[in-house]
Amino acid sequence: MTTFSDNARWVETTPWPKRIAVAAGLIAMDIGFNAAAGAAAVAAAVQHNGGLPTATTTTTSSPTLAALIGLGALAGTIKAGILAVPVAASRLGGLSAGMTILMMLIFNSFGICVLLTTAVWQRAQAMGILDYGAAADANTDDAATTDVPRPLLLAALVTALPLVFEMVVPVALPTAYLASLGLIGWDALAGFTFAAMTAHFGQPVVAVWATAAVAGAVYGTLTAVRGFIVAGLKSCTTVQKFSNGKAHVDNLLGSWEVFDPTPPRPAFSSIDF
């Protein structure tokens, strides 16, 4: 058998109708799993907390379970919706090295965490669940305003750190399955970090930090299932190799033509797409 050299490169040859269908399917699945994960995370947090939170100085009323689950689903939907942009760009047109770096800068975990915190806070205020103005410190500019409290935004920025590793570490892992399992731990750490940081900055969101960790672990579990499905689709790959150093690669997500300018050599192992 022969193997491709390090100089091998590939170009996607998937027909456009299939590209569009695959991109739409992946985005829809991502949104569905993340919305379900957000809802399940909230339900798990309520269960771990021993029941619904009661009215406090930062709430105008005791929220219902349906309202809280709706907020969780909203957060998951927003997150998946944001990430749908680079997914669509990758599937429909491919990304150059420069565009890849630009996408990483724009759609990074820091911006996503801050945007999610802002969206969920404003939605909660619109629903009458939260009233930060009644509890805001008089020395801050956030008092008696509808702006997102600075402590929450600072906590969101710190929380983004575990999620950065969530995206970077899988590159060093041998399979996508291990990367998917890692989502559980990183999301649990992110939940714990957010709870700890909000308490540190004077605006605690939960009384027990472990509750936030449980919510994160549940969220990571459902998104890991999504990762397993995608990895399974990619694993159904067939490779046709030709003596001129070219090959045609097919899986359920698309087709690629592989060209290797270096003559084939023995001891072919595999191609990881």
Side-chain angles (χ1 to χ4, degrees), residues 30-56 58-59 62-83 109-110 112-125 127 129-130 132 148-149 151-167 179-228:
D30 201 25
I31 291 175
F33 268 96
N34 276 274
V42 171
V46 171
Q47 178 67 25
H48 186 271
N49 190 56
L52 293 169
T54 57
T56 66
T58 57
T59 60
S62 181
T64 65
L65 179 60
L68 292 178
I69 288 179
L71 287 176
L74 173 65
T77 300
I78 293 175
K79 177 205 168 189
I82 295 171
L83 296 178
S109 59
F110 294 96
I112 291 175
C113 284
V114 170
L115 181 58
L116 285 178
T117 300
T118 301
V120 171
W121 173 266
Q122 291 180 343
R123 177 58 179 165
Q125 275 203 326
M127 295 169 62
I129 296 176
L130 299 172
Y132 184 72
V148 182
L152 294 187
L153 296 179
L154 292 174
L157 288 173
V158 178
T159 302
L161 290 174
L163 301 181
V164 169
F165 287 101
E166 175 182 289
M167 294 187 294
S180 296
L181 286 176
L183 293 173
I184 302 174
W186 290 117
D187 286 353
L189 179 59
F192 182 88
T193 301
F194 186 72
M197 288 298 98
T198 54
H200 174 74
F201 292 124
Q203 184 66 27
V205 293
V206 293
V208 181
W209 297 354
T211 298
V214 168
V218 170
Y219 191 100
T221 298
L222 286 183
T223 52
V225 171
R226 180 263 182 199
F228 268 88

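Since we're looking at a predicted model, the values are computed, not measured.
- Applying the side chain to side chain donor-acceptor pair (under 3.5 Å) definition to pairs two or more places apart or across chains, those involving residues 72-82 are Asn34-Lys79.
- A heavy-atom distance below 4.5 Å is not found between the side chains of Val225 and Phe228.
- Two residues are said to be in side-chain contact when any heavy atoms from C-beta on lie closer than 4.5 Å; Phe194 and Val158 fail this criterion.
- Between atom CG of residue Leu153 and atom OG1 of residue Thr159 there is a gap of 11.0 Å, rounded to the nearest 0.5 Å.
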Residue pair Leu71, Val42: steps toward the side chain to side chain contact (heavy atoms under 4.5 Å, CB included) verdict: CA-CA 8 Å; Leu71 287 176; Val42 171; 5.8 Å; no
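- Between Trp121 and Pro149 the shortest side-chain heavy-atom distance falls below 4.5 Å.
- Every residue was checked against the side-chain hydrogen bond (donor to acceptor under 3.5 Å, both in side chains) condition with Asp187, not counting sequence neighbours, and none meets it.
- Between the SG atom in Cys113 and the CG atom in Leu152 there is a gap of 12.5 Å [rounded to 0.5 Å].
- Taking each heavy atom of Ser109 and Ala160 in turn, the nearest pair found is OG-O, 3.1 Å.
- Here CG of Leu222 is found 9.5 Å from CD1 of Ile184. Values are rounded to the nearest 0.5 Å.
- Nearest heavy atom pair, residue Ala224 against residue Ser180, reads CB-O, 3.1 Å.
- Side-chain contact between Tyr219 and Leu183 is absent, with no heavy-atom pair separated by less than 4.5 Å.
- The two residues Thr117 and Ala156 make their nearest non-hydrogen contact at OG1-CB, 3.3 Å.
- Val206 is not listed as a side-chain neighbour of Asn49, based on a closest heavy-atom distance of 4.5 Å or more.
- Atom CG of Leu157 sits about 7.5 Å away from atom CZ of Phe110, to the nearest 0.5 Å.
- Closest non-hydrogen pair, Ile69 versus Ala39, comes out as CG2-CB, 3.5 Å.
- Annotation: the span from Asp30 atom CG to Arg226 atom CZ amounts to 4.0 Å, rounded to 0.5 Å.
- Not one N or O on the side chain of Thr198 forms a donor-acceptor pair closer than 3.5 Å with the backbone of Pro204.
- Among all heavy-atom pairs drawn from Ala67 and Met127, the shortest one is CB-CE, 3.4 Å.
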